Amino acid sequence: MSERHERLVWDLPLRLTHWLIALGVAGCFATHYAGIEWFPWHRRLGYAVLVLAAFRIVWGFAGTRHARFAAFLRGPRAILAYLRGAGGDAVGHNPLGALSVVALLAVLVAQGATGLFANDEIMNAGPFYGWIDPALSNRITGLHRLNSELLLVLVGLHLAAVAWYVGLRRRPLLRAMVTGRKPATEVPETEAIPGSRLPLALVIVAVLAAALALAVAKAPEASIALY
Ligand code: HEM
Ligand code: HEM
């Protein structure tokens, strides 16, 4: 399909954030299972996922039309109508998908935030370990583990839902998350977005990354007491 018959729905920052988060999460799991010497990369990738998920939440208020929570978060009635097939196709996220977007973002932020205080009781700790009691860090580490399982479940459901829409219902969702565009037949001209607001997105990411870097730099040296 030529670009002339498609309209822009997902801005570039949203798409980049999506694929970088997916890579970052895969990297966080891989670096955990690869062994303790990979922890510096676990930490770096975790920071990246945390900043990107936080950015996506801010973008839910400051982003382009279909990126905004107000554009796709709907009440139970709209969700039920959608499930009954009465809602029609959404240009952006559908009312049910919207719930998984919010759940994924909340779980991603919780995963990154708990990691900052976690420790492995051997030699590695998140940068804020020194700010709290070791017993509290152990409890937060428990949450980091539990939440990582929840994240896996949500990602599994997410992939199953995408496979269902793309494979069985032939919706061009995956292509849209790559190119940002959907067929003009599905997107009224008035609903297409004019651009990506890239400079604004870069400023928001830079501010969030700087805030995290500053907090990490200010945190006391996190040293784990070896037995
Ligand atoms: C946001 C993306 C992140 C993901 C998906 C993730 C995932 C994981 C997973 C799967 C584990 C193993 C849990 C288990 O033992 O079963 C783990 C452990 C750990 N993570 Fe993360 N993590 C993330 C971010 C972070 C960050 C930002 C830090 C700190 C800078 C961090 C610090 C730790 C520590 C210290 C452990 C060891 C705890 C243990 O021994 O179980 N993580 N993480
Ligand atoms: C750790 C892995 C992943 C996470 C955490 C994740 C998370 C998300 C989130 C938060 C959204 C909402 C996008 C937004 O509004 O910003 C989304 C949408 C989407 N994701 Fe993923 N994703 C992951 C992996 C994947 C993979 C591997 C694929 C493709 C095979 C994929 C395909 C899609 C598609 C097609 C959408 C758009 C759904 C729609 O049109 O409503 N995701 N994902």
Side-chain angles (χ1 to χ4, degrees), residues 9-11 13-33 36 38-57 59-60 63-64 66-69 71-72 89-129 137-138 140-152 154-167 171-178 180 182 212 216 219 222 224:
V9 170
W10 301 125
D11 58 67
L14 181 150
R15 285 177 279 140
L16 271 179
T17 300
H18 176 263
W19 295 113
L20 290 175
I21 284 179
L23 283 177
V25 167
C28 282
F29 278 94
T31 49
H32 170 69
Y33 291 112
I36 210 160
W38 282 89
F39 182 72
W41 280 102
H42 184 81
R43 203 180 54 214
R44 289 178 195 122
L45 291 169
Y47 290 159
V49 171
L50 180 57
V51 166
L52 289 169
F55 160 74
R56 177 60 185 96
I57 292 173
W59 206 234
T64 58
H66 302 288
R68 291 179 179 239
F69 295 122
F72 58 81
D89 266 339
V91 173
H93 295 305
N94 70 54
L96 188 60
L99 293 183
S100 86
V101 175
V102 172
L104 277 163
L105 291 175
V107 166
L108 285 169
V109 168
Q111 188 64 19
T114 51
L116 300 176
F117 299 89
N119 79 92
D120 64 1
E121 290 186 77
I122 305 170
M123 60 182 290
N124 292 317
F128 299 167
Y129 176 78
S137 169
N138 290 345
I140 296 178
T141 304
L143 292 177
H144 192 65
R145 289 188 187 141
L146 195 68
N147 197 62
S148 74
E149 285 163 20
L150 184 56
L151 178 57
L152 277 186
L154 288 180
V155 168
L157 285 173
H158 175 56
L159 296 183
V162 170
W164 187 70
Y165 279 107
V166 174
R171 311 312 304 149
L173 295 189
L174 190 51
R175 191 185 144 79
M177 241 325 118
V178 176
K182 286 189 176 179
L212 179 62
V216 169
I224 294 211

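In this chain, residues are counted from 1 in sequence order. As the structure lists them, so they are numbered: ligands from 1, and atoms in each ligand from 1. Keep in mind that this is a model prediction, so the values were computed, not measured.
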* What protein heavy atom is closest to atom 19 (C) of ligand 2, reported as residue, atom name and distance in Å? -> H158 CE1, 3.3 Å
* Structure fact -> Minimal heavy-atom distance between F117 and S137, with the atoms involved, is O-OG, 2.7 Å
* **Nearest-neighbour protein heavy atom for atom 5 (C) of ligand 2, which is reported as residue plus atom name and distance** => I21 CG2, 3.9 Å
* Would you call F39 a ligand 1 contact, heavy-atom distance under 4.0 Å? -> yes
* Find all atoms of ligand 2 within a distance of less than 4.0 Å from any non-hydrogen atom belonging to V25, and give their numbers and elements. => 1 (C)
* Which ligand 1 atoms does G112 reach within 4.0 Å, using its non-hydrogen atoms? -> 1 (C), 27 (C)
* To do: Under 4.0 Å from a heavy atom of Y47: give me the atoms of ligand 1 that qualify, with their elements.
  => 27 (C), 30 (C)
* Looking only at protein heavy atoms, identify the closest one to atom 10 (C) of ligand 1 and say how far it is in Å. => F29 CE2, 3.3 Å
* Number the atoms of ligand 1 from 1 as they appear, then name those within less than 4.0 Å of a heavy atom of C28, with their elements. => 2 (C), 3 (C), 4 (C), 5 (C), 6 (C), 23 (C)
* To do: From the options Q111, H144, R145, select the one whose nearest heavy atom is closest to atom 18 (C) of ligand 1.
  => H144
* ligand 2-proximal atoms of L173, by part, heavy-atom distance under 4.0 Å -> both
* To do: Please work out whether any backbone atom (N, CA, C, O) or any side-chain heavy atom from C-beta onward of V166 is under 4.0 Å from ligand 2, and answer side chain, backbone, both or neither.
  => neither
* Look at atom 29 (C) of ligand 2 and say which protein heavy atom is nearest, naming residue and atom and giving the distance to 0.1 Å. => L174 CD1, 3.4 Å
* Asked: Distance-only, no hydrogens or angles: does the H144 side chain make a donor-acceptor pair with backbone N or O of G115 under 3.5 Å?
  -> yes
* Return the residue, atom name and 0.1 Å-rounded distance of the protein heavy atom closest to atom 26 (C) of ligand 1. => G115 CA, 3.7 Å
* For S148, the ligand 1 atoms whose distance to one of its heavy atoms is below 4.0 Å -> 10 (C)
* **atom 21 (Fe) of ligand 1 contact by H32, N, O or S atom under 2.8 Å** => no
* To do: Considering heavy atoms of the protein only, find what lies nearest to atom 3 (C) of ligand 2 and give residue, atom and distance to 0.1 Å.
  => A22 CB, 3.9 Å
* Asked: Just which atoms of ligand 1 are under 4.0 Å from any heavy atom in P127?
  -> 30 (C)
* Structure fact -> The protein heavy atom nearest to atom 8 (C) of ligand 1 is H42 CE1, 3.3 Å
* Would you please classify the geometry between the F72 ring and the F69 ring as parallel, tilted or perpendicular, with 30° and 60° separating the classes? => perpendicular
* Structure fact -> Near V101 (heavy-atom distance under 4.0 Å), the atoms of ligand 2 are 12 (C)
* **Heavy-atom side-chain contact between L23 and W19 under 4.5 Å** => no
* Side chains of V49 and Q111: does their closest heavy-atom pair fall under 4.5 Å? -> no
* Asked: Strictly under 4.0 Å, does any heavy atom of F72 approach an atom of ligand 2?
  -> no
* Structure fact -> What one should report as the nearest heavy-atom pair of L45 and G24 is CB-O, 4.2 Å
* CG-CZ distance between N119 and F128, expressed to the nearest 0.5 angstrom -> 15.0 Å
* **atom 7 (C) of ligand 2: nearest protein contact (heavy atom, Å)** => L104 CD1, 3.6 Å
* Please state which protein non-hydrogen atom is closest to atom 36 (C) of ligand 2 and give its distance, to 0.1 Å? -> M177 CG, 3.4 Å
* Using distance alone, determine whether T141 and ligand 1 share an N or O pair under 3.5 Å. => no
* Asked: Between L14 and ligand 2, which part of the residue brings a heavy atom under 4.0 Å of the ligand: side chain, backbone, both or neither?
  -> side chain
* atom 27 (C) of ligand 2 [closest protein heavy-atom partner, distance rounded to 0.1 Å] -> L159 CD2, 3.6 Å
* To do: Please confirm whether H93 comes within less than 3.5 Å of ligand 2 when only nitrogen or oxygen atoms on both sides are compared.
  => yes
* Does R56 reach the main-chain N or O of A67 with its side chain, forming a donor-acceptor pair under 3.5 Å? -> yes
* Structure fact -> ligand 1 to D120, heavy atom cutoff 4.0 Å, flagged ligand atoms 37 (C), 40 (O)
* To do: Measure the distance from atom 30 (C) of ligand 1 to every protein heavy atom, then report the residue, atom name and distance (to 0.1 Å) of the closest one.
  => R43 CG, 2.9 Å
* Parallel, tilted or perpendicular: which fits the ring planes of H18 and H158, with parallel below 30° and perpendicular above 60°? -> perpendicular
* To do: For R56, counting its heavy atoms only, list the atoms of ligand 2 lying under 4.0 Å from any of them.
  => 14 (C), 15 (O), 16 (O)
* Among the heavy atoms of L50, does any lie under 4.0 Å from an atom of ligand 1? -> no
* Report yes if N94 has an N/O atom closer than 3.5 Å to an N/O atom of ligand 2; otherwise report no. => no
* Please work out whether any backbone atom (N, CA, C, O) or any side-chain heavy atom from C-beta onward of W19 is under 4.0 Å from ligand 2, and answer side chain, backbone, both or neither. => side chain
* To do: Using only N, O or S atoms, tell me which atom of H18 is closest to atom 21 (Fe) of ligand 2.
  => NE2
* With heavy atoms under 4.0 Å as the rule, classify the contact between L45 and ligand 1 as side chain, backbone, both or neither. => neither
